[in-house]
Amino acid sequence: MSELKKEEEKSLNFIEEIIEEDLRTGKYQSVLTRFPPEPNGYLHIGHAKSICLNFGLGLKYGGKTNLRFDDTNPVTEETEYVESIKEDVRWLGFNWANEFYASDYFEQLYAFAEKLIEKGLAYVDDSSSEQIAKEKGTPTLPGIRNQYSERSIDENLQLFADMRAGKYKDGEKVLRAKIDMASPNMHLRDPLMYRIKHAHHHRTGDAWCIYPMYDFAHGQSDSIENITHSICTLEFIPHRPLYDWCIENLEIFPSKQYEFARLNLNYTIMSKRKLLQLVNENHVTSWDDPRMPTISGLRRRGYTAESIREFCDKIGVAKRDNLIEFGLLEFCIREHLNRIALRRMVVFNPIKLIITNYPEGQTEQLSSENNPEDADGGVRSIPFSREIFIEADDFMENPPKKFFRLAPGQKVRLKSAYIIQCDEVVKDVNLNVTAIHCSYIPESKSGSDTSGLKVQGTLHWVNAADAVEVEVREYDRLFKVENPASEEGDFKDYINPDSLKVVTGYAEPAIKEATQTDRFQFMRKGYYCLDKDTTAEKLIFNRTVTLKDAWAKEVKKG
RNA sequence: UGGCCUAUAGUAUAAUGGUAGUACGACAGAUUUUGGUUCUGUUUGUCUUGGUUCGAAUCCAGGUAGGCCAACCA
C-alpha cells in the first residue's frame, strides 16, 4: 500500500527527467548545479523556487550545488546584498558546496575573449550604443555589419588590451562576438561581450575597467565550475544558442542550460527593480518589511523555512507561465504553524464582562494546553476572576440564527474556564453596550465539568486585571490587483493603501515570556510572531496569517 | 508583422499512444472546549480544426490565444 503510494508520488518534473536520463545513459556520473544570484537586491519568494529547485536537485541526485554570485555589473552590486543572499539561502536550509563569484573568473574570461579574437570570432567596435542598436536591425529586418568588424586579429588583440589598460572612456569601445547579423535571434547579431566601465567593483575594486556581459560570463562560469545542469528562467531561452556557441568555440566543458517558468504570485510583484523602488520611495519600510515578498520579509512576517520549501514543492516546475494564488502560500504556513504554534488568548476589541455570581476579589489559576496538536506541548496557567474582557464581536444583542456566541439569555463556554450565561446588558446614555453581566456555572469548570451542559460556542477571553497590552501589526496584500506587473501604467498606482493596520491587543499574562523564535496562535484569530521592533516596554507582534474564518464567510453570504 | 516558448478544472501540476489523477480553492456534511484542526463527500478540465492510429491530452499539420526576444542589465 505504502509502496503504491510512493510510486504515485514519484512523478518527475521535466528537469528531473532530463537528469535521470543523463545519469542513466552515463552522460554524467553526478550532477552539479548552481544558484547564481546577482547581488543587486534581496532575494524574494521567486528566488526561493529557484533555490529549492537547484539545491533540491543536488540533494536528490547525490550531487552538489554551488552558490555563485553573478557580479559582472559593478554599478548595481553591493556587499550588503551578498550578505543578505547568503543569510537567506542558509535560512532556507541549504548548504552550498562552494561560494564562488563570476568576478573570480575575470582573468580567465579575459583569456577566453582573446581566444575568440584569435579565432577571428570577436572584434572591437568603436560605434556608439545608438549606432550599434541601429545596425542591429529589427526582428523582421536583418542587421548590417560595420567597418570595425573588418579589423585584423592583431589590431583587435591590441585594442582589447588597450581597453583593459584603461586607455578609453566608458562607452568608447566594446568587444563583440562575430556571429550572424541576419539571425532571426537578435542575441546572435554580433552580441556585446565586454564593455568599459570605470567603476569600483565590490570585490575586484579598481583592478578592472572592462567587465564581461552576462552572455560572456554566465555560461563560461558554469563551464569553469563543471556545472552539469545550468537551470534558469524562461526569458533566457533565446540566449541558449549563444550560451552553446561560446562553449563550443572556446572548446570548454559543455554545461547545458535548461529553462523553467519563474514563479509569479498574485497581489504582489517579483521584480527586484520594482521591489527596490518600493523600498527607496518608502512605500514599505525596508527590504524585510513583512509585506514584502522577499525571503527576509516573509521571515520577519513569521513564515517558516519549512513552509516556504513546502510551497515551492507544491507549485511544481514546468515551462508555462503561471500566476500562483497567494492562498497556497497561506495554506502552507497555516499547516506548519498549526503544528508548532503556542496557543494564547488575546482580545483585540475588548468589552467588559462581569461574572456577577463569582466572588469579588477572588482569582483562580486555570490550566490550558499550549498546543492541542502537540501532546508534549505542556500547559500554561491563566488567571480568572470576576471581571474579564471578551471580543466585542463575540456578543450580539440581536443575533442572527446561526450565531453561536454570546447573546442575551445564551450560554457559551469560556475557553479553558467555565460556561457562562448572559443575564443583562449594560448601556450608556447613547445606548452603547458598556458591559455584559453574566453568571457562571461552577460545575462546568474545564477538565472537571459535571454540569452536563452542551454549548455551541467557545470564546477566548483575558482576565481584566492581568491583561497585557501589546501592539499588533496586521498585514494585508501589498497590491489591490491580482497582477500589478501586467496592469496599465505605473505599478505603484495599484498599491493597497491599507496593507498595514496597527492595533492594540490585550493578552493573557503568559505572553510576557514570548521570545523571537516563538510562534503563536492567538486563539480564534491567527498566527503571530514577535517583531524585531519589540522593546522592553512594548511587545510588538506581526500577524503572519489569519485563521480560516468560516463564520466570516457565512456572514458575508448573508 | 521575423524567430522562439507555452496551452489539461477557478489556480497550479500529473498522466511519456491505452480508465484524465493530485494539491489548493469552492460547495455540502461529520467531529470539535478554537466557527481553527481533522475526516467524508460533491463540483469543475484536455484551446480549436483537421490528420495518423484499433485507440490521441499525448504524434503530425493548420489556426487561435498568451508569453519572450531588438539594455554597453542579469
Side-chain angles (χ1 to χ4, degrees), chain A residues 8-9 11-13 17 36-38 40 70-73 75-77 102 125 128-129 132-134 136-143 170-176 183-187 189 192-197 210-211 213-215 217-218 232-241 259 261 266 272-273 313-325 327-332 334-335 338-339 343 345 368 372-373 402-405 412-417 419 444 446-447 449 454-460 486 521-526 546-555:
Chain A
E8 279 171 22
E9 282 171 8
S11 88
L12 305 175
N13 66 48
E17 280 179 9
E38 183 190 12
N40 67 344
D70 223 339
D71 56 350
T72 56
N73 185 2
V75 299
T76 55
E77 295 154 4
D125 192 330
S128 66
S129 62
I132 289 174
K134 213 160 90 188
K136 220 158 219 183
T138 68
T140 49
L141 227 115
D170 287 11
E172 246 183 289
K173 285 183 166 48
V174 292
L175 183 74
R176 299 176 73 176
S183 172
N185 182 342
M186 299 298 287
H187 295 278
R189 319 246 271 222
L192 273 60
M193 300 302 207
Y194 266 92
R195 77 287 214 192
I196 300 169
K197 271 182 197 279
I210 58 171
Y211 293 92
M213 300 286 290
Y214 168 85
D215 287 309
H218 201 103
C232 62
T233 47
L234 255 26
E235 65 271 27
F236 290 97
I237 289 176
H239 293 251
R240 191 183 344 124
E259 312 88 5
N266 66 4
K272 272 198 271 183
R273 208 196 85 244
D313 190 57
K314 280 194 191 310
I315 58 178
V317 176
K319 295 191 75 159
R320 75 182 97 134
D321 291 318
N322 58 76
L323 184 61
I324 309 279
E325 292 172 345
L328 185 60
L329 221 204
E330 294 187 328
F331 167 81
C332 293
R334 283 193 186 108
E335 188 181 54
N338 178 51
R339 282 185 278 129
R343 313 293 132 123
M345 294 199 283
S368 189
E373 307 292 321
K402 284 190 278 185
F403 189 77
F404 301 149
R405 306 175 185 184
V412 295
R413 154 84 56 191
L414 291 175
K415 174 67 189 173
S416 297
I419 290 173
S444 68
S446 274
D449 186 351
K454 284 273 172 264
V455 292
Q456 299 217 76
T458 299
L459 307 187
H460 64 282
S486 74
Q521 183 198 102
F522 292 173
M523 295 198 83
R524 304 208 302 140
K525 286 296 178 182
T546 61
L547 246 33
K548 281 212 283 186
D549 191 345
W551 174 244
K553 203 183 275 183
E554 190 71 28
V555 170

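Order of the sequence lines sets the chain letters (A, B, ...), proteins ahead of strands, with each chain counted from 1.
When each of K314(A) and G447(A) is assigned the nucleotide of RNA chain B with its nearest heavy atom, K314(A) is the one assigned upstream, toward the 5' end. The nearest heavy atom of RNA chain B to L234(A) and to Y214(A) marks one nucleotide each, and the one closer to the 5' end goes with L234(A).
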Spell out protein contact along nucleotides 39-47 of chain B as letters: B when the base is contacted, S when just the sugar-phosphate is, - when no protein heavy atom is under 4.0 Å; keep the 5' to 3' order. ---------
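For U22(B) and A65(B), the C1' atoms lie 27 Å apart once the distance is rounded to whole Å. Rounded to whole Å, the separation between the C1' atoms of C47(B) and U64(B) comes to 7 Å. Here, C5(B) and G21(B) have their P atoms 31 Å apart, quoted to the whole Å. Between the C1' atoms of G25(B) and G10(B), the separation comes to 7 Å (whole Å). Nucleotides A56(B) and U8(B) have their C1' atoms positioned 14 Å apart, rounded to a whole Å.
Tested against L459(A) for a side-chain contact (heavy atoms from CB on, under 4.5 Å), the candidates R413(A), R405(A), M345(A) yield a single pass: R405(A).
Across all strands shown, M345(A) has no heavy atoms under 4.0 Å from either base or sugar-phosphate atoms. Contact annotation for F522(A): no contact, since no heavy-atom pair falls under 4.0 Å across all strands. If you check every strand for non-hydrogen atoms under 4.0 Å, L323(A) touches sugar and phosphate atoms only. Counting any heavy atom pair closer than 4.0 Å across all strands shown, F236(A) reaches a base atom. The residue V317(A) sits close only to the backbone: its heavy atoms come under 4.0 Å of sugar-phosphate atoms, none of a base. Within the 4.0 angstrom heavy-atom criterion, only backbone atoms of the sugar-phosphate kind lie near T72(A); the bases stay farther away. At the heavy-atom level, N322(A) lies under 4.0 Å from the strands shown only through sugar-phosphate atoms. S183(A) comes within 4.0 angstrom of no nucleic acid atom, judged by non-hydrogen atoms across all strands.
Minimum atom distance to the side chain of A318(A) is reached by U13(B), of the listed U13(B), C73(B), C4(B). Ranking G2(B), A74(B), U33(B) by closeness to the P184(A) side chain, first place goes to G2(B). For R413(A), whose side chain is taken as the heavy atoms from C-beta onward, the closest listed nucleotide among C72(B), U33(B), C69(B) is U33(B). In the set G35(B), A14(B), C5(B), the nucleotide with an atom closest to the side chain of S11(A) is A14(B). Nearest to the side-chain atoms of T140(A) among the listed nucleotides U1(B), C5(B), A74(B) stands U1(B). Relative to the side chain of E38(A), the nucleotides A74(B), C72(B), C68(B) differ in distance, and A74(B) lies closest.
Expressed to the nearest 0.5 Å, how far CD1 of I237(A) lies from CG of N185(A) amounts to 11.0 Å. Taking CZ of R195(A) as the start and OG of S129(A) as the end, the distance is 12.5 Å to the nearest 0.5 Å. From K314(A), atom NZ reaches atom CD1 of I324(A) across 12.5 Å, with rounding to the nearest 0.5 Å. Here R524(A) contributes atom CZ and W551(A) contributes atom CH2; the two are 11.5 Å apart, rounded to the nearest 0.5 Å. Interatomic distance, CD of E373(A) versus CG of N338(A), reported as 4.0 Å (0.5 Å rounding).
Aromatic ring orientation, H239(A) versus H187(A): tilted (interplanar angle from 30° to 60°).
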Polar atom pairs between nucleotides 36-38 of chain B and protein, under 3.5 Å, N or O only, would you list them?
from	atom 1	to	atom 2	distance (Å)
G36(B)	N2	E373(A)	OE2	2.8
U37(B)	O2'	N338(A)	ND2	3.2
U37(B)	O2'	E373(A)	OE1	3.4

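Atom pair H460(A):NE2 and U34(B):P shows a separation of 13 Å (rounding to whole Å applied). Atom C1' of nucleotide A71(B) and atom CD of E235(A) are separated by 14 Å, given to the nearest angstrom.
Remark: R195(A) is not in phosphate contact with A71(B), judged by side-chain N or O atoms under 4.0 Å from OP1 or OP2. Within the structure, a side-chain polar atom (N or O) of K553(A) is placed less than 4.0 Å from OP1 or OP2 of C27(B). Contact annotation: K197(A) reaches the phosphate of C73(B) (side-chain N/O to OP1 or OP2, under 4.0 Å).
Base-pair partner of A23(B): U11(B) (Watson-Crick or G-U wobble, both distances under 3.5 Å). Partner assigned to A74(B) is none, using Watson-Crick or G-U wobble distances below 3.5 angstrom. Nucleotide G2(B): paired with C69(B) (Watson-Crick or G-U wobble, both distances less than 3.5 Å). Nucleotide U34(B) forms no Watson-Crick or G-U wobble pair with any nucleotide shown, as no partner meets the under 3.5 Å limit on both distances.
Below the 3.5 angstrom threshold, one finds no donor paired with an acceptor across the side chain of R320(A) and the base of G66(B). At a cut-off of 3.5 angstrom, counting only N and O atoms as typed in the model, there is a donor on one side and an acceptor on the other between the side-chain of E325(A) and the base of G10(B). For H239(A) against A74(B), a side-chain N or O and a base N or O form a donor-acceptor pair under 3.5 Å.
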Where do R240(A) and E259(A) land on the salt bridge (Lys or Arg N to Asp or Glu O under 4.0 Å) test, with the steps shown first? CA-CA 9 Å; R240(A) 191 183 344 124; E259(A) 312 88 5; 2.7 Å; yes
